[in-house]
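Heavy atoms only: backbone and side chains are in, while hydrogens, waters and symmetry mates are out. Below, chain A is the first sequence line, B the second, and so on; all start at residue 1.
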Amino acid sequence: MNPAWTDDIIKQLDIRDDFEQRDIKYFTAFNQLSQQLQLQKLANKQQSPSPSLTSPTLKQEDLDRTFIIRENQQLKNENNDLISSLNMATIKNEKLEQGIKERDSTIKTLQRNNEKLKSKIDSLSLEIKEKNKTIEIINDEILMNQIQYNVLNDKVSALEAERTKSQ
Amino acid sequence: MNFTGASSSATTEIKRKLWNGCINIKVVLPHDSEDIEYLINIPRNSYLPIHFQQLISYFQNYVSYEIYKQALWFEYEGVPIAWNLPVGVLYDYLYLPSVIQERGGGGLDQNCWTIQLNLRGKYPAEYIIPFVYTNPDNTINYEQSLNEIIVNQLKQSCFVINGSAKPIMNLSESNSKLLWNSIVTRNLGQFTSLNKKIIPKQFQRIPVKIYIPGSTTVIQAPIHAYEDDKPVTLSRVLQRELPNLFTNDVKLARTYIHGIDISSIMDMPLHDIWTIFRHLDNFLYIIIIAMS
């Protein structure tokens with residue numbers, strides 16, 4: 001979930017753009033018309049009647065030039081469109097890179113946690129081993145005590161039997 | 001990079017909207033008792049001289065004298081417009097205070113920003129930087145003047161950020177040209193990759209410029225990114241730089257960046273705000289509009 005500030009900023013940017021772009025269709029239309037005007041002017045300039053420039057080859061040259069000017073304008077527009085789409089791709093790329101960075105940091109955090117847990121498991125295993133050894137020792141001691149107890153019990157029984165006989 | 005808990009998609013969306021922000025401007029040229037109008041849509045982070053060529057080509061159709069040889073300058077309500085600032089900053093500084101009420105409320109009585117083009121009057125060199133370069137055919141070379149200004153701005157911001165202008169001075173000639181070209185053609189990918197060479201991961205200070213509409217004062221303060229090992233916030237900076245308008249309890253002004261009120265992020269680290277909202281010259285432009 002996004003924190004509130006990003007939602008607020010996005011909302012404000014939308015309000016800003018709605019206000020500042022509200023007449024954009026007229027501006028786009030004006031831009032296209034002014035481009036057409038420029039092309040028309042250039043074409044008129046090339047085709048202006050001049051007594052020395054009326055040979056068929058020169059007329060052809062003029063037409064070619066007009067064609068090149070139109071083509072040039074079209075290529076400029078296409079170039080601008082390509083730069084815009086490239087910019088969008090760059091922004092998307094940045095977003096993906098940011099996502100990768102975030103995932104990388106999550107992976108690193110998880111790896112660190114994993115290592116911590118592994119070392120905890122190792123130390124616990126060692127602790128268990130130690131405890132097992134201690135239990136074995138204690139078991140041995142209990143067994144030894146039981147044997148001693150039995151031996152002493154036998155001794156007590158023998159002594160009691162001896163005392164009964166002597167009485 | 002941590003943007004105070006924001007997801008990458010949200011910050012990318014903000015960056016996309018900031019990059020694509022455009023302003024509709026009506027340019028009016030008074031000529032023979034009538035106004036010739038030109039409508040132009042200019043990106044907020046672009047500069048006016050980049051668009052002079054198309055203005056000249058258009059207006060030349062209507063006037064008899066040669067526009068190419070005159071230094072163009074604009075004015076809004078009698079105030080000469082500084083061409084060396086990003087268009088969005090100019091809009092926020094000169095026009096936003098008068099339309100701010102309408103924007104949120106839906107009242108749309110105002111037209112777009114209308115500025116006047118001046119060709120023959122005396123160039124107000126005492127208010128705006130003159131264009132000093134000319135082409136061999138005596139026409140004015142706007143691009144070279146703008147290039148010089150932007151490169152200087154980049155050097156300044158680079159110095160503030162790094163404590164030295166070396167990173168930008170060390171750019172090869174071809175990379176410097178590519179950087180300039182990316183600003184003119186608005187090629188974000190190229191600009192980002194070259195700008196990364198100027199900006200280090202560790203910051204010394206943050207380049208900030210604060211403008212107050214109606215006042216000619218510009219606060220250009222290099223601000224340390226950290227104080228006592230804590231990140232400096234925008235509200236802290238404003239309280240220090242403009243103590244009369246921003247106190248702990250009362251705020252007598254609103255803060256705008258890229259045409260939006262940024263009250264919700266005043267307590268965010270300034271470095272994070274700079275990273276998202278900086279302009280192409282790597283300065284963070286802040287506009288302070290006093291509350292009515």
Original post:
About how many Å separate CD1 of I14(B) and CG of L13(A), when rounded to the nearest 0.5 Å?
Top reply: 7.0 Å
Original post:
Between G21(B) and D17(A), which heavy-atom pair has the shortest distance, and what is it?
Top reply: CA-OD1, 4.3 Å
Subject >> Distance (rounded to the nearest 0.5 Å) between K26(B) NZ and Y26(A) OH >> reply: 12.5 Å
Subject >> CG-CG distance between D23(A) and N41(B), expressed to the nearest 0.5 angstrom >> reply: 10.5 Å
Subject >> Working for side chain to side chain contact (heavy atoms under 4.5 Å, CB included), residues R22(A) and N24(B) >> reply: CA-CA 9 Å; R22(A) 66 190 189 275; N24(B) 292 333; 5.8 Å; no
Original post:
Which is it for Y91(B) and E20(A) under the side chain to side chain contact (heavy atoms under 4.5 Å, CB included) test, yes or no, and what are the steps along the way?
Top reply: CA-CA 10 Å; Y91(B) 179 93; E20(A) 288 169 9; 3.2 Å; yes
Subject >> Heavy-atom contact with chain B under 4.5 Å, split by part of I24(A) >> reply: both
Original post:
Is it the backbone or the side chain of F191(B) that comes under 4.5 Å from a heavy atom of chain A, or both, or neither?
Top reply: neither
**OP:** Output yes when a side-chain donor or acceptor of Q12(A) lies under 3.5 Å from a complementary backbone atom of D261(B), and no otherwise.
**Re:** yes
Subject >> Main-chain N/O of C22(B) paired with Q21(A) side-chain donor or acceptor, under 3.5 Å >> reply: yes
Original post:
At their closest point, which heavy atom of W5(A) faces which heavy atom of S264(B), and how far apart are they?
Top reply: CB-O, 4.1 Å
Original post:
Run the side chain to side chain contact (heavy atoms under 4.5 Å, CB included) check on K15(B) and K95(A) step by step: do they pass?
Top reply: CA-CA 10 Å; K15(B) 279 185 184 175; K95(A) 182 181 170 179; over 6 Å; no
**OP:** Give, for atom OH of Y256(B) and atom CZ of R16(A), the distance between the pair rounded to the nearest 0.5 Å.
**Re:** 13.0 Å
Original post:
Just checking heavy atoms, which of residues 58-67 of chain B are less than 4.5 Å from chain A?
Top reply: Y58(B), N61(B), Y62(B)
Subject >> Interface residue of largest heavy-atom contact number with chain A, from L39(B), L188(B), L18(B), T12(B), under 4.5 Å >> reply: L39(B)
**OP:** Output the option from E13(B), Q190(B), R186(B) having the highest count of non-hydrogen pairs under 4.5 Å with chain A.
**Re:** R186(B)
Original post:
So what's closer than 4.5 Å to chain B heavy atoms on L37(A): side chain, backbone, both or neither?
Top reply: side chain
Original post:
Considering all heavy atoms of both residues, which atom of C112(B) and which atom of F27(A) are nearest to each other, and what is their separation?
Top reply: SG-CZ, 3.7 Å
Original post:
When only pairs under 4.5 Å are counted, which of N20(B), I23(B), I25(B) shares the most heavy-atom pairs with chain A?
Top reply: I25(B)
Original post:
For chain B, which residues from residues 82-91 of chain A lie under 4.5 Å away (heavy-atom distances)?
Top reply: I83(A), L86(A), N87(A), M88(A), T90(A), I91(A)
Subject >> Atom group of I265(B) that falls short of 4.5 Å from chain A, counting heavy atoms >> reply: side chain
